[in-house]
Amino acid sequence: MSGTSVMPPPSQPAARSLSAYALPAHALRIFGACAVSLVLWFAAGRAIRVGLMWVGTEITHGDYQQVRFALTMLIFTLIVLNQLVVMVGMLHTVRGALWEIRARRAGDEADESLYGALNRATLVFATIYMAWSFHVEDAREFISLDFIKRAEQDLKGAFAGVQGDAGTALIGLDVRVSIGIAVVAYLLKTLFGWWHSNDKVKGSGVLATFFELAYAFYGLNALFTFTSARSDWISQRAVMTTLHGWVEQAEQALPWWKAFLTWLGEVWPHIIDALIVPLTWLTVASLVYGAFAEDTRAVVRGTRLDAVADRMEQTHTLTRSTMTRATTGFQERWVPPANAFRLAARGGAALFGTFCLCYVALHVGGDYAARGVKSLIGSEQPFFWLVIGPPVDFVRDLVVEVLTVCLLAATFDLAATRSREAGETLTA
């Protein structure tokens with residue numbers, strides 16, 4: 001035998017003995033072992049999020065609006081960073097319940113601390129988060145809170161003929177200020193990224209992530225302002241006119257083309273929600289745990305994130321490094337989920353299918369459960385749901401997010417352990 005097989009403790013069933021259809025049970029086992037830590041992580045993250053949302057909507061309105069808008073965008077950057085930190089923290093906190101991690105520890109591999117995981121994984125996580133526009137939901141919640149808090153004042157202003165300013169905090173910053181701050185953020189994120197890749201400054205990975213997000217959000221604000229001002233001009237350009245002409249010609253030459261595009265437009269969002277989004281979150285779990293007994297680069301191979309490749313003294317050493325060239329192009333949107341699928345496929349088609357089915361059932365079931373509770377409570381009072389709605393939504397989000405983390409961890413655990421066992425069998 002050229003290698004020694006490392007198995008989980010006798011008290012735990014071997015991963016290979018578990019059917020892929022036992023994935024829900026394995027996820028519940030992880031939940032039972034780590035429920036308290038997961039709930040604490042979620043509650044702390046939600047408390048920080050609510051606090052930042054409240055402060056952000058408070059400072060938005062008043063004198064010196066451009067200064068206020070700049071500070072509001074900064075707070076929104078912290079809101080998104082908080083989301084990243086909480087997810088990485090929740091994934092990291094269940095490490096001890098995973099057979100794959102126990103096998104690594106038994107093989108004398110140094111375990112990565114939470115600080116190390118945050119410093120390493122958040123920058124790539126931020127790139128994926130931005131590439132798939134997960135921040136849009138954060139922006140919606142921020143703007144909705146701003147509208148709720150300003151509803152009475154804006155209504156009075158409407159009767160007086162004064163237009164309200166609710167909901168403008170994330171798009172009201174002057175384009176010149178946005179560009180200036182975006183340039184500074186880009187320089188700082190490049191500097192901290194270089195420091196992190198060379199182990200110069202502790203915490204430089206998280207700081208690089210913060211400035212990456214700031215660069216993206218201030219840049220998006222400038223882009224939004226610019227494109228809004230020039231949308232009419234762009235729509236009249238010869239290139240755009242020619243493109244529309246080509247589309248019309250294709251519809252005339254191929255009668256089925258329009259019907260196909262209509263069908264694809266109806267089906268595509270469901271494909272994204274049922275397959276691509278679960279794979280994207282599985283990518284994040286792979287980054288935190290160390291890509292299926294390989295390295296972090298396996299998840300981002302083929303993209304511009306594939307940058308740092310040193311410190312190769314032992315297995316998983318590359319999982320300690322972080323990709324520093326973070327962009328949100330086509331490759332960063334599609335290649336990581338594709339590689340996550342390639343890695344997850346080692347657990348078998350049944351495991352992948354069960355994972356996607358459980359993911360969708362969990363999120364759809366959570367929405368229906370919340371609706372059911374609200375229907376049972378019921379009320380005709382106009383402001384009743386402003387009081388009851390948030391606690392119901394909090395409980396739903398708590399259950400769904402905690403169980404989603406356990407599902408991601410369980411899927412990684414089964415696929416990674418099977419991959420390890422298959423590799424050891426081949427080298428035996």
Verdict with supporting geometry, Phe134 and Trp281, ring-ring contact (aromatic ring centres under 6.0 Å, His included) | CA-CA 11 Å; Phe134 293 145; Trp281 286 112; 5.2 Å; yes
Test side chain to side chain contact (heavy atoms under 4.5 Å, CB included) applied to Asp367 and Arg396, step by step = CA-CA 8 Å; Asp367 289 339; Arg396 177 202 56 198; 3.8 Å; yes
Verdict with reasoning, Val405 to Phe31, per side chain to side chain contact (heavy atoms under 4.5 Å, CB included) = CA-CA 9 Å; Val405 168; Phe31 170 74; over 6 Å; no
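With sequence neighbours excluded, no residue forms a salt bridge (charged side-chain N to carboxylate O under 4.0 Å, His left out) with Asp273. Applying the salt bridge (charged side-chain N to carboxylate O under 4.0 Å, His left out) test to Arg176 and every residue at least two apart in sequence or in another chain returns Asp174.
Counting heavy atoms from C-beta on, the side chains of Thr209 and Lys189 never come closer than 4.5 Å. The shortest side-chain heavy-atom distance between Glu401 and Met87 falls under the 4.5 Å cut-off. With a 4.5 Å cut-off on side-chain heavy atoms, Met53 and Ile48 do not count as touching. The shortest distance between side-chain heavy atoms of His92 and Tyr289 does not fall below 4.5 Å. Between Val183 and Tyr215, every side-chain heavy-atom pair lies at or beyond the 4.5 Å cut-off. Between Thr404 and His363 the shortest side-chain heavy-atom distance falls below 4.5 Å. Contact check for Leu38 versus Phe42: no side-chain heavy atoms found under the 4.5 Å cut-off. Counting heavy atoms from C-beta on, the side chains of Leu84 and Leu213 come closer than 4.5 Å.
Of all non-hydrogen atoms in Gly56 and Phe142, the two that sit nearest each other are C-CZ, 3.7 Å. Residues Leu408 and Pro278 come closest through the heavy atom pair CD2-O, 4.4 Å. Heavy-atom minimum distance, Val94 versus Ala409: CG2-CB, 3.7 Å. Scanning both residues, Val400 and Leu362, for their nearest heavy atoms gives O-CD2, 3.7 Å. Shortest non-hydrogen contact noted between Asn82 and Gly45 is ND2-O, 3.1 Å.
For Phe412 and Trp99, the ring centers are positioned 6.0 Å apart or more. For His135 and Phe217, the distance between ring centers is under 6.0 angstrom.
Within the 3.5 Å criterion, the main-chain N or O of His61 finds a donor-acceptor partner in the side chain of Arg68. Between the side chain of Tyr218 and the backbone N or O of Ala185 there is no donor-acceptor pair closer than 3.5 Å. For the pair Thr93 (side chain) and Met90 (backbone), a donor-acceptor distance under 3.5 Å is absent. A donor-acceptor pair under 3.5 Å links the side-chain atoms of Asn119 to the main chain of Gly205, judged by distance alone. In terms of modelled atom types and a separation under 3.5 Å, the side chain of Thr57 and the main chain of Asp146 share no donor-acceptor contact.
Rounded to the nearest 0.5 Å, atoms CG (Leu123) and OG (Ser204) are 10.0 Å apart.
Just one of Phe210, Phe211, Tyr186 meets the ring pair (Phe, Tyr, Trp, His ring centres under 6.0 Å) condition when paired with Phe192; it is Phe211.
Counting only N and O atoms by type, the side chains of Asn221 and Ser178 include a donor and acceptor under 3.5 Å apart.
A salt bridge is defined here as a Lys NZ or Arg NE, NH1 or NH2 lying under 4.0 Å from an Asp or Glu carboxylate O, and Lys374 with Asp393 meets this definition. A salt bridge links Asp138 with Arg49: the closest approach of a Lys/Arg side-chain nitrogen to an acidic carboxylate oxygen falls below 4.0 angstrom.
Within a 6.0 Å sphere centred on OH of Tyr368, other residues, nucleotides and ligands contribute 12 heavy atoms or fewer.
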